[in-house]
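All values derive from a computational prediction rather than experimental measurement. Values below: all heavy atoms of this structure, side chains included; hydrogens, waters and symmetry mates excluded.
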Amino acid sequence: MEKDQEDILLKDRSSRACISAGYRLYMSNFKRIFRASWLAALVFAALVSVGGTMMILQPQTALIVLPVTVLIDALFFTYGFSVLKQHQETGSIGWSAHWYSFDSRIFVRTLIAWLCTFVISLVVGCLISFGSIMLVQYLSEYTALASIAILALLVFALILPLTYTNMRYVLADKAGYWSNLFSHYGKGLRRWGFIFLVVFMTALIGCVCYILTSLPAIILSLAGNEANTGFLYGDPYNMPSYIGWMSALVFLLIGFIQAYVILSFLFPLYYMYGSVEAHEKEKNKFNKEAL
């Protein structure tokens with residue numbers, strides 16, 4: 001019973017408690033999560049393998065895998081959101097009945113959330129660019145740079161609450177994206193500091209793990225770039241004949257591991273979303289009782 005209370009979603013937690021609860025839920029249910037998502041993780045790893053190998057052998061063609069990345073990422077994260085939705089509804093994460101199970105509705109909502117966030121970021125980026133041009137024309141160099149930096153920080157501050165609204169959109173599974181955004185953005189804005197701490201600390205942990213698991217790929221990439229640069233200047237291509245399949249295998253293994261490093265990012269955000277919801281409910285209840 002005590003464990004159930006620790007893992008419950010709708011509970012007003014501190015940022016540290018959200019991170020702790022998120023990783024605890026992820027690690028204690030990793031076998032179940034792995035069973036439900038290993039095939040999607042393998043597809044994700046295959047994309048990483050193709051992109052990484054092309055970066056070493058033919059860097060100029062590596063960008064062609066980018067359009068596929070959004071779909072594959074949404075596919076893989078669908079499994080993460082699926083187990084979180086199950087936990088939200090039942091209080092636990094059960095074993096998947098089939099290794100090929102797939103929630104198409106969550107996949108669509110995940111993809112919509114990512115695409116809408118991209119559109120918002122693109123619009124905001126254009127506004128920053130336009131504002132930067134105006135500032136450079138009418139202000140001194142240092143004043144313009146300082147103003148651009150402040151503007152960029154302001155935009156980041158305004159975009160950060162989307163972390164909460166996107167989690168709510170996928171997991172609440174009721175309203176459309178824009179109606180959810182307009183109705184609940186204010187909640188995220190009011191808890192900005194809390195959201196920032198959860199996102200920052202989780203991202204920091206994720207980046208450290210990501211970099212550590214990327215070391216073999218970084219070494220291969222540096223060696224490949226050096227060989228390609230030397231080849232352009234007339235030097236022999238000093239890479240072994242088996243570099244192609246070796247790179248593909250290394251990137252495949254790294255991509256598979258990193259898929260689960262990235263997936264773990266969702267779980268602290270899950271409790272962040274639950275904490276904001278619980279805080280708002282307690283606040284509304286208090287206001288009603290005070291009347």
Please table the atom pairs, donor to acceptor, closer than 3.5 Å between any side-chain atom in residues 260-268 and protein atoms at least two apart or in another chain.
| unit_1 | atom_1 | unit_2 | atom_2 | d |
| --- | --- | --- | --- | --- |
| Y260 | OH | S37 | OG | 3.0 |
| Y260 | OH | W38 | N | 3.3 |
| S264 | OG | V261 | O | 2.6 |

Per-pair distances, 0.1 Å, donor-acceptor, side chain in residues 201-209, under 3.5 Å, sequence neighbours excluded:
| unit_1 | atom_1 | unit_2 | atom_2 | d |
| --- | --- | --- | --- | --- |
| T202 | OG1 | V198 | O | 2.7 |

Acceptor/donor pairs from residues 118-128 side chains to any protein atom, 3.5 angstrom cut, sequence neighbours excluded:
| unit_1 | atom_1 | unit_2 | atom_2 | d |
| --- | --- | --- | --- | --- |
| S121 | OG | T117 | O | 2.8 |

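For the pair R109 and F81, the NZ or CZ position fails the cation-pi test of under 6.0 Å to the six-membered ring centre and within 45 degrees of the ring normal.
Evaluation of the side chain to side chain contact (heavy atoms under 4.5 Å, CB included) rule for S183 yields no partner, not counting sequence neighbours. Residues satisfying the ring pair (Phe, Tyr, Trp, His ring centres under 6.0 Å) criterion with H279, sequence neighbours excluded, are absent altogether. For E282, there are no side chain to side chain donor-acceptor pair (under 3.5 Å) partners, not counting sequence neighbours. Qualifying side chain to side chain donor-acceptor pair (under 3.5 Å) partners for E277, counting only residues two or more places apart in sequence or in other chains: Y164, R168. Legend: residues meeting side chain to side chain contact (heavy atoms under 4.5 Å, CB included) with K281, ordered by chain and number and at least two apart, are L10. With sequence neighbours excluded, the residues forming a side chain to side chain contact (heavy atoms under 4.5 Å, CB included) with F156 are L160, W192, F196, listed by chain and number. The side chain to side chain donor-acceptor pair (under 3.5 Å) search around R32 returns none, not counting sequence neighbours. Residues that satisfy the side chain to side chain contact (heavy atoms under 4.5 Å, CB included) test with A259, not counting sequence neighbours, are A41, F44, F76. Take S214 and apply the side chain to side chain donor-acceptor pair (under 3.5 Å) test, not counting sequence neighbours, and it matches Q258.
Here the straight-line distance linking atom CD1 of I93 with atom CD of Q88 works out to 12.0 Å at 0.5 Å rounding. In this structure, OH on Y273 lies 11.5 Å from OG1 on T165, to the nearest 0.5 angstrom. Put simply, CD1 on I195 and SG on C18 are 10.0 Å apart, with the number rounded to the nearest 0.5 Å. One finds the CD1 atom of I254 at 8.5 Å from the CG atom of L215 (value rounded to the nearest 0.5 Å). Between the CG atom of L25 and the CG atom of L84 there is a distance of 7.0 Å, given to the nearest 0.5 Å. Atom CZ of residue F34 and atom CG of residue L39 lie 10.5 Å apart, to the nearest 0.5 angstrom.
A salt bridge links R190 to E280: at least one charged side-chain nitrogen sits closer than 4.0 Å to a carboxylate oxygen.
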As a quick check of understanding, evaluate ring pair (Phe, Tyr, Trp, His ring centres under 6.0 Å) for Y270 and H87, giving each step before the final call.
CA-CA 10 Å; Y270 171 67; H87 184 271; 5.6 Å; yes

Go through it in stages, so that I can follow the logic: the residues are C116 and W178, the test is side chain to side chain contact (heavy atoms under 4.5 Å, CB included), and I'd like the CA-CA distance, side-chain angles, deciding distance and then a yes or no.
CA-CA 9 Å; C116 289; W178 298 109; 3.9 Å; yes

Checking I112 against Y169 for the side chain to side chain contact (heavy atoms under 4.5 Å, CB included) test, could you report, in this order, the C-alpha distance in whole Å, the side-chain angles of both residues, the deciding distance, and whether it holds?
CA-CA 10 Å; I112 289 174; Y169 166 72; 3.6 Å; yes

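The two residues Y79 and A40 have their closest heavy-atom pair at CE1-CB, 3.4 Å.
Between W114 and N166, every side-chain heavy-atom pair lies at or beyond the 4.5 Å cut-off. The shortest distance between side-chain heavy atoms of M272 and R13 does not fall below 4.5 Å. Considering only heavy atoms from C-beta on, L171 stays 4.5 Å or farther from I106 through its side chain.
Residue-environment remark: OH (Y185) exceeds the threshold of 12 foreign heavy atoms within 6.0 Å. For F200, the CZ atom is loosely surrounded, since the number of other residues' heavy atoms within 6.0 Å does not exceed 12.
Y23 is connected to Y271 through a chain of hydrophobic side-chain contacts under 4.5 Å among Ile, Leu, Val, Met, Phe, Trp and Tyr, so both are in one cluster.
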